[in-house]
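Notes follow once the structure below has been shown.
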Amino acid sequence: MPLSKTYKPEDIEGPHYQRWEEEGAFAAGRKNTGKPYTIVIPPPNVTGSLHMGHALNNTLQDVLIRFERMRGRDALWQPGMDHAGIATQMVVERQLDEQGTDRHKLGRSKFVDRVWEWKEESGGTIFNQLRRLGASADWERERFTMDEGLSKAVTKVFVELHKQGLIYKDKRLVNWDPKLLTAISDLEVENRDVHGNLWHIAYPVEEMPGRHIVVATTRPETMLGDTAVAVHPDDERYASMIGKHVILPLVGRRIPIVADDYADPEQGSGAVKITPGHDFNDYEVGRRHKLEVINILDEKAHLNDNVPEAFRGLERFEARKAVLAQLEELGLIEKIDDITHTVPYGDRSGVVIEPWLTEQWYADAATLAKPAIAAVERGEIVFVPKQWENTYFSWMRNIQPWCISRQLWWGHQIPAWYGPDGEVFVEMDEEAALNAAKLHYGKETPLQRDDDVLDTWFSSALWPFSTLGWPEKTPELDRYYPTDTLVTGFDIIFFWVARMIMMGLHFMGEVPFHTVYVHALVRDEKGAKMSKSKGNIIDPLELIDEYGADALRFTLSAMAAQGRDIKLAKSRVEGYRNFATKLWNAARFCEMNVCLLRPDFEPSSVRQPVNKWIVGETTRAAEAVTEAIQAYRFNEAADACYHFAWHTFCDWYVELIKPILLPRDAGEVRPQGGEGAASSASGDELAQEETRACAAWALSQILHLLHPFMPFVTEELWDKLRHDSPIPDTQDLIVRDWPNAAELPIDKAAATEMEWVIKLVTEIRSVRAEMNVPVAAKMNAVLVGAHSETQHRLATHADLVTRLARLESIDLASEIPDGAVQLVIDEATVALPLAGVIDIAAEQARLEKEIQKADSEIAKIDKKLANDSFVSKAPAHVIDEQRTRRADHAQAKEKLAAALERLKEAG
RNA sequence: GGGCGCGUAGCUCAGUGGUAGAGCACUACGCUCACAUCGUAGGGGUCGCUGGUUCGAUCCCAGCCGCGCCCACCA
């Protein structure tokens, strides 16, 4: 079946993917002899669907995996999903809400069953979307953070860290989400700048009748929990009040005025109300002064019974209004300022977070971080780009205890059981806990399991080894850990990357990966972060539908320059779809000209200059692409492919071989003209045969180099190419060997020769266009003043030049004919006899412009060369280069000037 | 407050201590036997500003202006 006239990605992408998957092309372990190359996928949320960030992240991983697979490595791309505790629980709760019920009515166990049902039905749609993108993950090995094995890993890690004292329970202020009703970690808090007010409130000083101390606050309702007022010890304004007391308005509580450095005389009134139960700083102040901690909020951030009756049960913002109204009535509000300040919000719930005093489980991150910092310092893990190491270090060196417990139902339930007296037993399972309890109490004792589950990121932190089977000693773990490259966005360096390094080192004794490639964020065309609320989301699936997965992948790769965000422009995707079309048509050209792939084709033994040249260009392209991918410079690799395929192969090679493959009709005058000339029929046939094979080979090399970026169209064209071959190749492109540039020759002489041809053709075309020479004009060009080498080149390539430059003929001559347009190619001059066709004045202007250009170049270079310090200090090769350039320009100028003279004479 | 990044063609972006590049857009010509999702030729940039280092700076350094992000306990 010949290739269809047009490239239709939708027709080829599905079938190839299906075949690859059926044939096990993605499976690790195919090449057991190969050194393993492993990437673990950043597990998408089970609730997730493919967005542009995923598309970029997974495209780059797939490029690396396909590249290394072709290079003979035993490539494992380990896929899997994250149970996404909060996100998933929210989804199912919303469903329950629609059905008029809620999780509490259902009960924990039934609720969890419901979540599993949801997961089986609706979870993981993203994996089918990744398949559409072409992701060659080893799907057979798909894992889920909540599956049996990974859950066991989580439990074991918890139990061991607890034994080692690295996990402990503590009562302190946490970030409490009053909507989701759970604690969250520092990282899940998003600080937003918001407009608000600063209320200045007068508190009467007990020992100084008639005197007040004014405190400023953005949260007046928390005054109900105040247990002190703090002033700076050196603040003269308040010196006389230190040690005295205020009677807290509305409450009547007698609280001390304390001196503490925390109070900043520059801020507000210089006196600050202290609410240890609801502010992290105040909590510390409270500890220093042994203040009472009064909790005035319940879990939903409604005021509780620790406040005066009038306020009980009020929601926090209602409470604020009520408190302010009463203070206003009492005349205690001195002043209200408008200010902008930062307020903590839950990143999932979007509501204001409350510092709240609860008991939670913590991991001793500081201890775990130490080896993790050292590993990066020693270079065992390298971040690309390297600057991210600074981000990593600064966070890790100031790391806080990690709050790992969550008051949710969906997740890994904490393996802790409590005895009647509160004694805690942390064990692998209930049976072990009961045994431990029996030993402890001396009799069988019923236990109560901890209700809480673990932070989702706790299980993600184990991902590189838990997915490979840990804690079992599996062959996979042995073979594929440590993994090689982690590809991720910078937004989860703290959440995920740092924690994987900590856990990997602690439990495996080895880093989890050697390289962390940190890619950019994908933004919209204007540079804004894509988000649902802004409505500026570009759906990758829509782009795949419209332009094909290959075009999208290539776009993302070509734009993945290090250290910069990607502003995705649709026009770019369209441009690269056109590139795929171009490739398709190049393959059609080969097909129509019977360019068949020959297994015995030997690139180093071609004889035609044009073929020698394309072999060399292929070699250079293969080198460039290989080096760029190895250095994670995806954009350079993509550009090198693009340039080679389009501008070298299609624009020139295909055009250059047409005269060989499609000789002009017999009977036409051959440029070399002579009877019984050197080119015999058999010589032509040999050249044709070689060229056909060479063209097929070069095309196949392009397909190889492009395959990591555009797997579908390359596989399709390869499929065509190999099946048309007299001895069809048995392998799909996905598992073929990567081009080995080191084994390919570069023929410099052939390159120079072909570059001369290209220059000659380009210059002639340029003049034709500039002079508006009619297409029909017959031009018998002559070359004057050529060296013998140039004469030889012309003899070899005259046919080529006449066809590409659309001449009647081109021959050597000793004289420049009158009325000719002249152009300078190195040492020689090409004359195009265009008397009567051209506009003399226009030609004169053209020549003058050229001369001017040469003059300005010469002047620039002369200035440099006249500079003594340049000549004495610049490296020799730079000076030589300048001299050569000057000579070239001078030569050109001379010829142009001569041409101008002749034109004037003729005119 | 600390840290990081970015200002290059009309737009979106590469890039380099010594001739500034791509895609899209634009102009002219062209349905030449792979391709009009194309071809050929062309226009367009004092590489944010000011200093410094250097023989030479768009590139290195400093400051400034503009934009963005991350971290942080400012009532």
Side-chain angles (χ1 to χ4, degrees), chain A residues 3 5-7 191 198-199 215-219 222 230 262-264 266-275 279-284 339 341-342 385 387-388 390-391 394-395 398 490-491 493-494 520-521 523 525-529 547 555 558-559 561 563-593 633 635-636 639 642-643 647 650-651 654-655 658 662 762 765-770 772-775 803-804 806 857 860-861 863-864 867-875 877-879 881-882 885 889:
Chain A
L3 289 168
K5 186 146 195 269
T6 50
Y7 160 61
N191 288 305
L198 189 61
W199 286 275
V215 297
T217 181
T218 53
R219 300 211 52 193
T222 63
Y262 167 65
D264 180 352
E266 307 288 313
Q267 286 292 332
S269 62
V272 57
K273 61 191 274 306
I274 301 297
T275 321
D279 183 282
F280 289 102
N281 289 310
D282 293 6
Y283 186 76
E284 293 304 314
I339 58 157
H341 61 132
T342 50
Q387 59 177 85
W388 291 110
N390 294 329
T391 307
S394 65
W395 188 70
N398 296 297
F490 58 80
D491 50 332
I493 289 179
F494 303 148
L521 240 50
R523 299 172 179 280
E525 263 174 290
K526 296 184 187 104
K529 204 166 168 174
Y547 301 112
T555 306
M559 298 193 78
R564 189 187 228 178
D565 287 345
I566 297 177
K567 288 185 214 160
L568 192 70
K570 219 173 156 183
S571 62
R572 207 65 193 259
V573 186
E574 190 180 341
Y576 291 128
R577 186 277 319 269
N578 294 353
F579 174 51
T581 303
K582 186 74 181 175
L583 202 64
W584 185 270
N585 283 307
R588 285 185 66 226
F589 171 84
C590 288
E591 177 186 49
M592 294 164 94
N593 287 285
R633 290 196 292 264
N635 58 319
E636 283 182 25
D639 282 350
Y642 183 91
H643 186 264
H647 299 304
C650 292
D651 285 355
V654 166
E655 296 305 322
K658 278 180 183 174
L662 307 160
T762 305
R765 281 173 176 170
S766 181
V767 167
R768 285 189 75 122
E770 259 178 83
N772 287 318
V773 177
V775 180
R803 284 178 66 163
L804 296 189
R806 322 202 78 203
E857 285 301 314
K860 257 202 271 184
I861 297 167
K863 202 177 150 195
K864 272 186 193 174
N867 184 341
D868 286 343
S869 20
F870 172 71
V871 180
S872 59
K873 292 187 180 172
H877 77 270
V878 171
I879 297 171
E881 206 175 282
Q882 296 295 323
R885 280 190 59 215
H889 284 298

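Worth knowing before you read on, the calculation uses all heavy atoms, side chains too, and leaves out hydrogens, waters and symmetry mates. Every chain is numbered from 1 and lettered A, B, ... according to where its sequence line falls, protein lines coming before strand lines. A quick note: this is a predicted structure, and the numbers were derived from the prediction, not measured.
- Atom CD of A:Glu881 is separated from atom P of B:G17 by 14 Å (rounded to the nearest Å).
- Remark: A:Arg806 pairs with no residue by the salt bridge (Lys or Arg N to Asp or Glu O under 4.0 Å) rule, at least two apart or across chains.
- With P as the reference atom, B:G1 and B:G63 are 16 Å apart, rounded to whole Å.
- B:A34 and B:C13 have their C1' atoms separated by 30 Å, given to the nearest Å.
- With C1' as the reference atom, B:A9 and B:G5 are 23 Å apart, rounded to whole Å.
- Of the P atoms belonging to B:C59 and B:C6, the separation is 13 Å, rounded to the nearest Å.
- Between A:His647 and B:G39 there is no side-chain N or O to OP1 or OP2 distance below 4.0 Å.
- Interatomic distance, A:Asn635 CG to A:Tyr642 OH, rounded to the nearest 0.5 Å: 14.5 Å.
- Distances were taken from every side-chain heavy atom of A:Met559 (C-beta onward) to each of B:U12, B:A75, B:A41; the shortest belongs to B:U12.
- If you measure from atom CZ of A:Arg768 to atom P of B:A41, you get 12 Å, rounded to the nearest angstrom.
- Taking atom C1' in both B:U8 and B:U12, the straight-line distance is 12 Å, to the nearest Å.
- In this structure A:Asn390 satisfies the side-chain hydrogen bond (donor to acceptor under 3.5 Å, both in side chains) test with no other residue, sequence neighbours excluded.
- A:Leu804 places its CG atom 11 Å from the P atom of B:A41, with the value rounded to the nearest Å.
- Atom-to-atom distance recorded for A:Leu521:CG and A:Asp491:CG is 5.5 Å, nearest 0.5 angstrom.
- Under the rule for a salt bridge (Lys or Arg N to Asp or Glu O under 4.0 Å), A:Arg765 has no partner lying at least two apart in sequence or in another chain.
- Using a 4.0 Å heavy-atom criterion, one finds that A:Ala263 contacts the bases of the nucleic acid, with or without backbone contacts as well.
- The listed nucleotides are B:G18, B:A41, B:G5; the one nearest the side chain of A:Ala874 is B:G18.
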Which atom pairs, donor and acceptor, lie under 3.5 Å between side-chain atoms of residues 574-581 of chain A and protein residues at least two apart or in another chain?
| unit_1 | atom_1 | unit_2 | atom_2 | d |
| --- | --- | --- | --- | --- |
| A:Tyr576 | OH | A:Arg572 | NE | 3.4 |
| A:Tyr576 | OH | A:Arg572 | NH2 | 3.2 |
| A:Thr581 | OG1 | A:Arg577 | O | 3.2 |

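- If you take atom C1' in B:G15 and the same atom in B:A57, they sit 15 Å apart, rounded to whole Å.
- Among the heavy atoms of the strands, none lies under 4.0 Å from A:Ser872.
- When the side-chain nitrogen and oxygen atoms of A:Lys570 are compared with OP1 and OP2 of B:G23, none of them lie within a distance under 4.0 Å.
- With B:U19, B:C71, B:G15 as the candidates, the nucleotide lying closest to the side chain of A:Phe494 is B:C71.
- Atom-to-atom, NZ of A:Lys863 to P of B:G18 comes out at 17 Å; the value is rounded to the nearest Å.
- Nearest to the side chain of A:Arg885, among B:U19, B:G18, B:C71, sits B:U19.
- Taking the side-chain hydrogen bond (donor to acceptor under 3.5 Å, both in side chains) definition, one finds that A:Asp639 meets it with nothing, sequence neighbours left out.
- For A:Ser872, there are no side-chain hydrogen bond (donor to acceptor under 3.5 Å, both in side chains) partners at least two apart in sequence or on another chain.
- Taking atom CD1 on A:Ile493 and atom P on B:G5, their separation rounds to 13 Å, with Å as the unit.
- The salt bridge (Lys or Arg N to Asp or Glu O under 4.0 Å) test applied to A:Glu655 returns A:Lys658, not counting sequence neighbours.
- Candidate nucleotides B:C74, B:G15, B:C55 were compared by shortest atom distance to the side chain of A:Lys873, and B:C55 ranks first.
- In this model, the phosphate group of B:A22 is not approached by any side-chain N or O of A:His643 to a distance below 4.0 Å at OP1 or OP2.
- Distance check on atom C1': B:U37 versus B:C31 gives 15 Å, rounded to whole Å.
- With sequence neighbours excluded, the residues satisfying side-chain hydrogen bond (donor to acceptor under 3.5 Å, both in side chains) with A:His647 are A:Asp651.
- Under the ring-ring contact (aromatic ring centres under 6.0 Å, His included) test applied with A:Trp395, the options A:Trp388, A:Phe490, A:Phe494 reduce to a single match, A:Phe494.
- Nearest-nucleotide mapping onto RNA chain B: of A:Ser869 and A:Glu770, the residue sitting toward the 5' end is A:Glu770.
- A heavy-atom distance below 4.5 Å is not found between the side chains of A:Asp279 and A:Thr222.
- A:Arg588 CZ to A:Thr6 OG1: the interatomic distance, rounded to the nearest 0.5 Å, is 8.5 Å.
- Listed nucleotides B:G15, B:C55, B:C69 differ in distance to A:Asn635; the shortest reach to its side chain belongs to B:G15.
- Counting only heavy atoms from C-beta on, A:Gln882 has its side chain closest to B:U19 among B:C70, B:C55, B:U19.
- Of the listed nucleotides (B:C70, B:C74, B:G18), B:C74 has the atom at the smallest distance from the side chain of A:Asp264.
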Each nucleotide N or O in nucleotides 7-10 of chain B that has a protein N or O under 3.5 Å away: list the pair and distance.
| unit_1 | atom_1 | unit_2 | atom_2 | d |
| --- | --- | --- | --- | --- |
| B:G7 | O5' | A:Arg564 | NH2 | 3.4 |

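- As a whole-Å value, the separation of A:Gln387 CD from B:C70 C1' is 12 Å.
- In this structure, the OH atom of A:Tyr262 is 8 Å from the P atom of B:A75, given to the nearest Å.
- Atoms CG (A:Asn398) and P (B:G2) sit 16 Å apart, rounded to a whole Å.
- At the heavy-atom level, A:Tyr576 lies nowhere under 4.0 Å from the strands shown.
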>> Output one letter per nucleotide in nucleotides 32-37 of chain B: B when a protein non-hydrogen atom lies under 4.0 Å from the base, S when only the sugar-phosphate is that close, - when neither is.
In response: B-BB-B

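- Here the side chain of A:Asn281 is nearest to one of B:A75, B:G18, B:C73, namely B:C73.
- Between B:G42 and A:Ser766, a contact under 4.0 Å exists linking OP1 or OP2 to a side-chain N or O.
- The separation of B:G48 from B:A41, taken at their C1' atoms, amounts to 34 Å, rounded to a whole angstrom.
- For RNA chain B, runs of at least 3 consecutive pairs of the Watson-Crick or G-U wobble type, with both hydrogen-bonding distances under 3.5 angstrom, map to B:1-7 with B:65-71, B:10-13 with B:21-24, B:26-30 with B:38-42, B:48-52 with B:60-64.
- Residues meeting the salt bridge (Lys or Arg N to Asp or Glu O under 4.0 Å) test with A:Glu591, sequence neighbours left out: A:Lys720.
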> Between A:Thr218 and A:Leu198, does a side chain to side chain contact (heavy atoms under 4.5 Å, CB included) hold up when you go through it step by step?
Replying inline: CA-CA 5 Å; A:Thr218 53; A:Leu198 189 61; 3.8 Å; yes

